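The model shown is predicted, which means the values in this text are computed figures rather than measured ones. Residue numbering restarts at 1 for every chain, and letters A, B, ... go by the order of the sequence lines.
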Amino acid sequence: MSGLPLYILLCSGEHERVQMAAMMASVGAVSERAVEVFVSMNALSVFAKEAPAEGRYRGGPFSRLLNEKRVPDALGLLRQAKELGDLKLWACSMALDVQGLEMDGLVDGLFDGPLGLTKFLSDAESGQMVVL
Amino acid sequence: MSERIKVDARGAFCPGPLMELIAALKLVEVGDEVEVWSSDKGSATDIPEWVKKVRHELVGIEPRDAYWSIVVRKAK
């Protein structure tokens, strides 16, 4: 890996922010940077196996455009980035507990496991952090 | 004998064309070339920047009718 590791703390479940997190994570991971994404708060629901009835992604006016155009799907981008680069996704253990979710309630093939914020912050000291 | 494969990513938005290029590069041998067609305006700067960063080789980039043709040689 040639660049500073990138740590993305994704809290928002807003489509636009989830999309930007997926874009940053995927481009970073295929550009020889180690990337870790910590998914917490409202963002966790976006990754739930059972998507809400009104759709997985909810957001503002730009979200509608993302849905209308041929924009890469956020979860699809993350899957592709895991295949092509060094990307790890962690589910916030607090958010799992609060929502009463287990790891098998999250979409398959994306997460590397549950993780606590303390460990994530400690690891992130070695890199660059972005909060979305 | 090196080969060139073509990836038509026209209509895909950022970072779709880059990801399609990278997926194609995984499949070819060192020395082979991938020609990606992209209508995403950012690709004209983003793909050359990525090629430089990961040390492949930019063979050529040229504007066509409403899209860019970018040729990359797999260097490693």
Verify the neighbour count for atom [atom1] of [X]: are there more than 12 heavy atoms of other residues, nucleotides or ligands below 6.0 Å?
X       : atom1 : result
A:Met41 : CE    : no
B:Lys53 : NZ    : yes
A:Lys69 : NZ    : no

Correct closest heavy-atom pair for A:Ser26 and B:Pro15 would be OG-CG, 3.9 Å
Exercise: identify the closest heavy-atom pair between B:Val54 and A:Val30: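 Looking at all heavy atoms of both residues, the closest pair is CG1-O, 4.0 Å.
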Counting N and O atoms only, with roles assigned by atom type, does the side chain of B:Trp50 sit under 3.5 Å from a partner on the main chain of A:Val27, one being a donor and the other an acceptor? no
Are A:Leu44 and A:Leu117 connected in the hydrophobic side-chain network, where two residues link if heavy atoms are under 4.5 Å apart?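 Different clusters: A:Leu44 never reaches A:Leu117 through Ile, Leu, Val, Met, Phe, Trp or Tyr contacts under 4.5 Å.
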Out of curiosity, does A:Leu121 fall in the hydrophobic cluster containing A:Leu4 (side-chain heavy atoms, cut-off under 4.5 Å, transitive links)?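 Each belongs to a different hydrophobic cluster.
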Distance check, rounded to the nearest 0.5 Å: B:Asp46 atom CG versus A:Ser31 atom OG?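 Reported value, rounded in 0.5 Å steps: 9.5 Å.
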Top contributor to chain A contacts, counting heavy-atom pairs under 4.5 Å, from B:Lys26, B:Met19, B:Glu49: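 With the most close heavy-atom pairs to chain A, the winner is B:Met19.
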